[in-house]
Amino acid sequence: MTTTKPRSLVIALDGPAASGKGTLARRLARHYGFAHLDTGLIYRAVGMKVVRAGGDPADMASAAAAARALGPEDLGAGDLRGDLAANAASKVAAIAEIRAILLEFQRNFARHPPGGEPGAVLDGRDIGTVVCPDAEAKLYVVAAVEVRAERRLKELREAGVEAIYARVLQDLKERDARDMGRSTAPLTQAQDAFVLDTSALDADAAFAAALDFIETRIRADRA
Ligand code: DC
């Protein structure tokens, strides 16, 4: 007798940098026992692989070679959270060929989570629009840029990095413009996404609101 494994349930979270989607994604994955993929980390890993090899992340051939050779060990590299990685990531992320190379990996993760988990939470910029347009639940997580700058400043200072508010704010505005303005898979809200504005919400309140939406969506799907 053959049995068909039920397809995994996918939760897609998109939004700008420092909107709170990463924290929310980790928490949702833990709550449901799902696998979690921070897709920004993939772009950071590709960017840093090029930088470490002495190449230019904006160069398509160097970035494509790094993307094709990407392995699990690259995602665990220690230098992926810093500014150098963020900048390299935004350059490789703007190249259509690189996005195409990384697409299958992300889709495969979503529908066949690595640990055999019953579902996956993916967070990024184009999950609900391009990577998993048929995700069961989509959230578009936003917050005022000033609030995001305050959060990023706190994170940096807690990590012992000296930073000034005006500079962090400017960086975020520039990243928003790059992520929303690029021609391939720009950051944009999927039509069927639930917009979650975390400007006035702490992590617990954001989680509760997200859960409420997801539960309603899943129940509607099953009805
Ligand atoms: O979320 P993050 O800061 O780690 O993302 C790093 C860069 O990668 C950022 O410039 C946006 C880009 N990115 C993307 O283009 N598509 C994704 N799905 C995730 C991240």
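Counting convention: from 1, in listed order, for ligands and their atoms alike.
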Shortest protein contact, [atom] (heavy atom only):
atom                    : answer
atom 4 (O) of ligand 1  : R44 NE, 2.7 Å
atom 1 (O) of ligand 1  : R125 NH1, 2.9 Å
atom 8 (O) of ligand 1  : Y43 CB, 3.7 Å
atom 7 (C) of ligand 1  : A89 CB, 3.7 Å
atom 20 (C) of ligand 1 : G40 CA, 3.5 Å

Is it true that [X] and [Y] make a salt bridge, defined as a side-chain N closer than 4.0 Å to a carboxylate O?
X    : Y    : value
R26  : D38  : no
E136 : R219 : no
D14  : R125 : no
D171 : R167 : yes

Side chain, backbone, both or neither: [X] near ligand 1, heavy atoms under 4.0 Å:
X    : result
S90  : both
D179 : side chain
R81  : neither
R175 : side chain

No-hydrogen, no-angle side-chain donor-acceptor test under 3.5 Å, T198 and R148: no
Donor on one side chain, acceptor on other, T184 and R99, under 3.5 Å: no
Geometric class of the H31/F207 ring pair [parallel <30°, tilted 30-60°, perpendicular >60°]: perpendicular
Heavy-atom closest contact (L70 atom, A45 atom, distance): CD1-CB, 3.9 Å
Proximity winner for atom 18 (N) of ligand 1, if only heavy atoms of V92, D126, I42, L80 are counted: D126
Heavy-atom nearest option to atom 19 (C) of ligand 1, drawn from L103, D14, T39: T39
Sub-4.0 Å atoms of ligand 1 with respect to non-hydrogen atoms of A93: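 Near A93, the atoms of ligand 1 are 12 (C), 15 (O).
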Heteroatom proximity flag, D38 to ligand 1, N/O under 3.5 Å: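 No, no N or O pair falls under 3.5 Å.
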Validation row: I11, L13 side chains within 4.5 angstrom (heavy atoms):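 Result yes, sub-4.5 Å side-chain heavy-atom pair found.
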Proximity flag R99 to ligand 1, non-hydrogen atoms under 4.0 Å: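 So R99 counts as touching ligand 1.
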